[in-house]
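Here's the structure we're looking at; comments come further down.
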Number of protein chains: 2
Amino acid sequence: MNLSSRQLRAFVALNETRNFTRAAEQCHLSQPAFSALIRSLEDGVGTRLFDRDTRKVQLTTEGGLFAEAAERLLADMDHILEDLTDHVERRKGRVAVAALPSLAAGWLPDVFAEFRAMYPGIELSLHDMLSDQCIDMVRAGKVDFAFAAGGDNNPELATEVVCADEFHLVCRKDHPLARLKRIEPRQLLNHPFVHMGRSSSVRQHLEAILHPLQMNSVLEVEHLATVMGMVKRGVGISVVPALTLFHFQHEDVVTRPLHVSGITRRILLVSRADRSLSVAAQALYDLALARRPDGKLPTAKRKSRSARLQG
Amino acid sequence: MNLSSRQLRAFVALNETRNFTRAAEQCHLSQPAFSALIRSLEDGVGTRLFDRDTRKVQLTTEGGLFAEAAERLLADMDHILEDLTDHVERRKGRVAVAALPSLAAGWLPDVFAEFRAMYPGIELSLHDMLSDQCIDMVRAGKVDFAFAAGGDNNPELATEVVCADEFHLVCRKDHPLARLKRIEPRQLLNHPFVHMGRSSSVRQHLEAILHPLQMNSVLEVEHLATVMGMVKRGVGISVVPALTLFHFQHEDVVTRPLHVSGITRRILLVSRADRSLSVAAQALYDLALARRPDGKLPTAKRKSRSARLQG
DNA sequence: CACACTTACGATATTCGTAAGGATT
DNA sequence: AATCCTTACGAATATCGTAAGTGTG
């Protein structure tokens with residue numbers, strides 16, 4: 001048989017009021033329609049649940065059995081629906097993301113802060129790690145999506161370009177290159193250079209630009225903060241993406257756009273192609289896109305997660 | 001919102017099979033109708049519960065939340081409906097009745113035995129007590145109905161005549177009255193007489209017959225078995241209703257119909273007028289009527305419980 | 001005769017199955 | 001080409017509210 005929550009609600013209302021007219025109002029139904037609803041329930045279970053005449057409405061023996069159970073059932077149902085609605089309306093939930101360390105430290109805090117203010121009930125989890133690890137987290141389902149610098153050539157993954165992160169020279173303000181407004185890669189030759197480790201996405205993108213050139217490498221470090229320390233002290237110069245420039249805000253250090261034709265580090269939102277994002281994750285995803293850094297053109301997309309969700 | 005058990009069943013079926021076509025069969029629906037049912041559920045809760053394309057069907061994050069709850073809810077619902085159905089189909093239940101001691105010992109055992117054989121899952125409870133106490137038990141709701149010898153003048157109660165219980169003389173076979181086939185009340189005069197206590201319904205009905213006569217009372221006892229003992233030993237004679245004659249089956253004792261115009265002890269089924277009987281109680285009620293002793297005419301009814309239940 | 005539940009009935013909504021459509025392998 | 005979900009659509013069914021009916025105090 002079919003048992004609907006409307007029937008349960010009608011039953012409970014009638015059991016509380018013991019009056020068809022008032023119970024009908026409570027259910028936003030005309031009294032005859034309510035009467036029919038109770039009758040349909042009784043037909044469904046195969047027995048009268050209420051004894052009724054014009055003067056009195058009361059449970060039958062079988063109605064009494066049903067009453068306890070029905071109230072529990074209805075409370076359960078309401079609880080479940082309420083919990084689900086809380087998720088749908090973003091009062092509850094959990095989003096796990098992975099992000100490149102530079103994004104995690106520089107741009108994401110703004111996004112996360114705004115997100116937390118909008119949806120204080122949603123738990124956030126951030127894994128700051130290198131791009132390849134970020135993508136592995138997505139593929140393994142450990143995170144809902146990732147901010148990475150690649151992954152757009154894997155059919156398992158859906159990607160969307162967040163921004164094009166262009167490269168900048170960083171050096172001391174008294175360095176000869178600091179006088180130039182715009183700088184070309186070959187001008188970096190012979191100046192002592194501080195590199196990031198080869199596993200970092202910054203370094204990997206730099207190779208595409210600087211590989212043909214004979215660099216004067218003096219040091220290779222793991223963290224951008226260390227690069228900053230070295231540059232500030234005049235150990236060397238370096239080249240970093242725009243989104244990491246917040247590390248280099250200091251009076252002794254200047255930054256200059258690097259004039260490179262077409263080669264940029266593209267920041268991507270990477271998620272699994274085979275499953276939709278949770279409501280909470282989608283909200284963070286959309287907010288991140290809405291607050292994308294002003295890194296120029298979004299260029300060509302593969303599968304837009306936002307577009308897909310419209311379907 | 002409205003949430004039906006059909007939607008829950010569809011959800012669970014789809015989650016188990018992960019295939020619309022097979023889940024639709026399982027729900028006895030065409031596949032498009034099943035699809036619409038899932039969609040109506042998703043519309044109701046306000047979010048997609050399954051990610052699906054032509055190749056794969058799997059839960060969304062929100063669907064996963066719903067799945068655990070839905071299975072519990074459905075199991076609960078099935079359990080409740082099954083329990084109720086067990087009662088409706090008389091596999092479970094409980095009936096409490098009150099009955100006059102004479103009926104409880106003589107006729108009811110047959111009815112109860114047959115009832116237990118038909119409905120072994122239904123618990124029975126029998127209170128053997130005097131007629132007025134039986135009726136009080138009905139009014140107090142302590143029993144479902146009673147077999148009594150009165151109560152047909154109370155508007156709270158619905159009564160139905162089971163049988164007319166006619167009076168018989170009991171005496172030793174060597175008693176002078178034993179030779180007669182039929183006996184009139186005045187012939188009892190002067191023979192030593194063993195009475196039941198004044199609170200018994202047998203005695204109360206006898207008063208109506210014998211009050212004008214000067215009886216030769218030698219003894220007043222509480223129980224019919226004691227009356228039997230006294231009669232068998234020749235202490236006296238007595239007059240008892242037909243339904244109690246099983247007490248007097250002995251080679252030394254004879255029973256003779258008493259010729260009384262119109263005065264009988266009517267045995268009534270007494271129940272509350274304001275509420276229906278439980279399915280189980282109704283079954284016993286109906287069986288009792290079907291197996292009524294052959295005590296002549298059912299005479300005039302007030303409210304027939306059987307008739308009322310048709311409504 | 002006033003109150004409260006039921007029945008009657010026409011209008012509106014839902015739900016169904018068949019058939020066609022679209023996407024994926 | 002085969003599989004599988006969705007859309008389209010006319011038919012059957014269910015549900016609604018208004019209005020009339022019934023029974024009780």
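A note on names: the letters A, B, ... follow the listed sequences, proteins ahead of strands, and every chain is numbered from 1.
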Query raised in the report: Which letters describe nucleotides 19-25 of chain D, given B = protein heavy atom under 4.0 Å from base, S = only from sugar-phosphate, - = neither?
Result: B---BS-
Query - Contact check, side chains of A:Glu16 and A:Leu14, non-hydrogen atoms, under 4.5 Å - result: no
Query raised in the report: To the nearest 0.5 Å, what is the distance between CZ (A:Arg48) and CZ (A:Arg52)?
Result: 4.0 Å
Query raised in the report: At what distance, to the nearest 0.5 angstrom, does OG of A:Ser271 lie from CD of A:Gln282?
Result: 8.5 Å
Query raised in the report: With respect to the phosphate group of D:dC16, does any side-chain polar atom (N or O) of A:Ser30 fall under 4.0 Å of OP1 or OP2?
Result: no
Using whole Å, what does the distance between atom [atom2] of nucleotide [N] and atom [atom1] of [X] come to?
X        : N      : atom1 : atom2 : value
B:Leu41  : C:dT15 : CG    : C1'   : 16 Å
A:Gln58  : C:dA4  : CD    : P     : 17 Å
A:Asp274 : C:dT25 : CG    : C1'   : 16 Å
B:Asp51  : D:dT6  : CG    : P     : 11 Å
B:Arg52  : C:dG22 : CZ    : P     : 19 Å
B:Phe34  : D:dC4  : CZ    : C1'   : 13 Å
B:Ile38  : C:dT15 : CD1   : C1'   : 15 Å
B:Arg39  : D:dC5  : CZ    : C1'   : 10 Å

Return the polar atom pairs (N/O with N/O) between nucleotides 10-14 of chain C and the protein under 3.5 Å, or none.
none

**Report entry** Side-chain (A:Arg272) to main-chain (A:Arg139) donor-acceptor, under 3.5 angstrom
**Finding:** yes
Query - Backbone of A:Thr85 reached by a side-chain donor or acceptor of B:Glu62 within 3.5 Å - result: no
Query - Pair A:Asp51 + A:Lys56, salt bridge at N-O below 4.0 Å - result: no
Report task. Would you classify A:Leu29 as touching base, sugar-phosphate or nothing, given that sugar-phosphate means primed atoms plus P, OP1 and OP2, and contacts are heavy atoms under 4.0 Å? Result -> sugar-phosphate
Report summary line: Per the under-4.0 Å heavy-atom filter, residues of residues 18-28 of chain A near DNA chain D come out as none
Report summary line: Residues at least two apart in sequence or cross-chain that pass salt bridge (charged side-chain N to carboxylate O under 4.0 Å, His left out) with B:Glu89, listed by chain then number, are B:Arg91
Query raised in the report: salt bridge (charged side-chain N to carboxylate O under 4.0 Å, His left out) with A:Arg94: which residues, sequence neighbours excluded?
Result: A:Glu123
Query raised in the report: Do the rings of B:Phe145 and B:Tyr285 sit parallel, tilted or perpendicular, given the 30° and 60° boundaries?
Result: perpendicular
Query raised in the report: Parallel under 30°, tilted from 30 to 60°, perpendicular over 60°: which one fits the rings of B:Phe11 and B:Phe50?
Result: tilted
Kindly list each side-chain donor-acceptor pair under 3.5 angstrom involving residues 72-81 of chain A, sequence neighbours excluded, with atom names and distances?
{"from": "A:Arg72", "atom 1": "NH1", "to": "B:Asp76", "atom 2": "OD2", "distance (Å)": "3.3"}
{"from": "A:Asp76", "atom 1": "OD2", "to": "B:Arg72", "atom 2": "NH1", "distance (Å)": "3.2"}
{"from": "A:Asp78", "atom 1": "OD1", "to": "A:Arg9", "atom 2": "NH1", "distance (Å)": "3.0"}
{"from": "A:Asp78", "atom 1": "OD1", "to": "A:Arg9", "atom 2": "NH2", "distance (Å)": "3.3"}
{"from": "A:Asp78", "atom 1": "OD2", "to": "A:Arg9", "atom 2": "NH1", "distance (Å)": "3.3"}

Query raised in the report: Given C:dC16, D:dT6, D:dC5, which nucleotide is nearest the side-chain atoms of B:Ser35?
Result: D:dT6
